[in-house]
J.: 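Take a look at the following structure, please.
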Amino acid sequence: MTSRRTRERLINRLREQGICDEHVLKIIQETPRHIFIDEALSHRAYEDTALPIGFNQTISQPYIVARMTEVLLSNSPLKRVLEIGTGSGYQTSVLAQLVEQVFSVERIKPLQDKAKERMRQMGLRNVHLQHSDGGMGWPSKAPFDAILVTAAPEQVPEDLLIQLAIGGHIVIPVGQGQQQLKLITRCSETEYDTRIIENVNFVPLLAGTIR
């Protein structure tokens with residue numbers, strides 16, 4: 001179930017759904033998604049579906065990972081990217097192969113510990129992890145060229161917006177129930193431009209940390 005043919009079927013499905021960035025597709029194809037989920041579910045690793053990873057969290061559907069990454073990379077090459085919600089580390093590992101540095105925060109320590117081991121397994125040395133409340137971002141490492149959020153707040157956190165560099169952008173699902181994936185670009189110190197990408201379904205962005 002982790003064969004090249006299985007992965008190629010996934011990539012063909014992503015192309016059919018409109019993913020056209022060949023760099024993103026190549027990284028999705030080469031990234032071993034099966035190591036980011038429990039062994040009992042590994043036979044489903046290359047299905048285009050979200051899967052449970054414990055603590056009421058999921059590993060995102062490959063289409064969503066590809067779409068968010070494609071949108072994030074659409075404006076310019078990125079050096080410093082903040083990720084809110086490391087989770088299993090799958091989205092983190094995809095980003096790390098496409099940008100210079102990834103700073104990823106996770107509120108659930110056991111998930112972060114597993115993700116850290118997977119990063120080591122893949123030989124990714126440009127990922128920096130922190131156990132903290134994602135809604136607050138990582139102020140000491142700001143500003144960021146881009147921010148990617150993998151859980152949905154009711155409203156875009158102000159703390160994240162101010163950590164964007166001028167010209168930087170954030171890709172974030174927003175809302176309860178009916179959620180929208182948004183691309184927000186920081187135009188100046190006080191001005192932001194917002195574009196709606198599509199409707200999505202993410203776990204909520206929660207406050208606090210779990211050890």
Side-chain angles (χ1 to χ4, degrees), residues 1-15 19 21-55 57-73 77-132 134 137-138 141 144-151 171 202-203 210:
M1 294 304 293
T2 62
S3 69
R4 178 159 293 277
R5 185 180 300 173
T6 303
R7 298 189 194 198
E8 286 174 354
R9 278 201 298 268
L10 172 61
I11 297 307
N12 289 337
R13 180 177 173 85
L14 297 184
R15 282 198 179 99
I19 304 300
D21 187 315
E22 288 300 324
H23 293 295
V24 172
L25 288 169
K26 183 174 186 290
I27 295 303
I28 294 282
Q29 182 168 349
E30 293 178 353
T31 300
R33 190 173 186 247
H34 60 278
I35 74 170
F36 293 91
I37 56 180
D38 290 339
E39 191 174 344
L41 291 172
S42 61
H43 65 287
R44 301 187 62 192
Y46 299 98
E47 295 177 11
D48 187 26
T49 186
L51 294 168
I53 58 171
F55 298 92
Q57 304 297 301
T58 59
I59 181 174
S60 290
Q61 175 189 2
Y63 166 76
I64 287 295
V65 171
R67 184 73 171 121
M68 292 178 74
T69 305
E70 183 176 66
V71 170
L72 200 74
L73 296 172
L78 302 174
K79 293 185 177 180
R80 296 167 60 82
V81 175
L82 172 65
E83 179 191 37
I84 304 300
T86 314
S88 69
Y90 177 60
Q91 172 75 80
T92 320
S93 70
V94 169
L95 279 177
Q97 296 171 80
L98 291 161
V99 306
E100 286 192 20
Q101 301 286 325
V102 178
F103 299 83
S104 185
V105 300
E106 172 57 55
R107 60 184 288 271
I108 302 172
K109 191 66 164 58
L111 290 182
Q112 185 191 57
D113 290 342
K114 284 186 179 181
K116 185 176 182 179
E117 173 57 26
R118 290 158 180 157
M119 298 298 117
R120 187 201 62 77
Q121 204 175 332
M122 287 189 64
L124 297 172
R125 302 182 183 279
N126 60 336
V127 177
H128 313 275
L129 301 176
Q130 177 171 269
H131 178 232
S132 67
W138 199 334
K141 300 295 184 182
F144 299 100
D145 300 317
I147 300 174
L148 186 147
V149 184
T150 63
V171 176
F202 279 80
V203 297
I210 295 174

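Note that the structure is a prediction, hence the values are computed from the model and not measured. Computed from heavy atoms alone, side chains included, the values below leave out hydrogens, waters and symmetry copies.
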J.: So how far is it from Leu111 CG to Glu106 CD, rounded to the nearest 0.5 Å?
T.: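 These two atoms lie 5.0 Å from each other.
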J.: Could you check if a side-chain atom of Leu10 sits within less than 4.5 angstrom of a side-chain atom of Asp48, using non-hydrogen atoms only?
T.: yes
J.: Is the closest side-chain heavy-atom distance between Glu22 and Arg15 below 4.5 Å?
T.: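 When only atoms from C-beta onward are counted, Arg15 and Glu22 do touch, with a gap below 4.5 Å.
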J.: For a 4.5 angstrom cut-off between non-hydrogen side-chain atoms, does Ile11 reach Arg7?
T.: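 SC-SC contact between Ile11 and Arg7 ruled out.
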J.: Do the side chain of Ser60 and the main chain of Val65 share a donor and acceptor less than 3.5 angstrom apart?
T.: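 It does not hold such a pair.
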J.: Between Glu117 and Arg120, is there a salt bridge with N-O shorter than 4.0 Å?
T.: yes
J.: Donor-acceptor pair, Asp145 side chain versus Val81 backbone, under 3.5 Å?
T.: no
J.: Under the side-chain contact (heavy atoms from CB on, under 4.5 Å) criterion, do Met122 and Gln97 qualify, and how do the steps go?
T.: CA-CA 10 Å; Met122 287 189 64; Gln97 296 171 80; 3.8 Å; yes
J.: Against the six-membered ring of Tyr90, is Arg33 placed for a cation-pi contact (under 6.0 Å from the centre, within 45° of the normal)?
T.: yes
J.: Between Asn126 (side chain) and Val99 (backbone), is there a donor-acceptor pair under 3.5 Å?
T.: yes
J.: Does the pair Arg5 and Arg9 meet the rule for a side-chain contact (heavy atoms from CB on, under 4.5 Å), with working shown?
T.: CA-CA 6 Å; Arg5 185 180 300 173; Arg9 278 201 298 268; 3.8 Å; yes
J.: For the side-chain contact (heavy atoms from CB on, under 4.5 Å) test, which of Asp21, Leu95, Leu98, Thr69 pairs with Ile27?
T.: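 Result: among Asp21, Leu95, Leu98, Thr69, Leu98 is the only option passing the side-chain contact (heavy atoms from CB on, under 4.5 Å) with Ile27.
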J.: So does Ile210 get a backbone contact from the side chain of His131, meaning a donor-acceptor N/O pair under 3.5 Å?
T.: yes
J.: Once the angle between the rings of Phe103 and His128 is folded into 0 to 90°, is it parallel (under 30°), tilted (30 to 60°) or perpendicular (over 60°)?
T.: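 Phe103 vs His128 ring planes: parallel.
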J.: Could you check if a side-chain atom of Gln29 sits within less than 4.5 angstrom of a side-chain atom of Arg4, using non-hydrogen atoms only?
T.: yes
J.: Write down the atom of Pro62, the atom of Leu14, and the distance for their closest heavy-atom approach.
T.: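 Heavy atoms of Pro62 and Leu14 come nearest at C-CD2, 4.1 Å.
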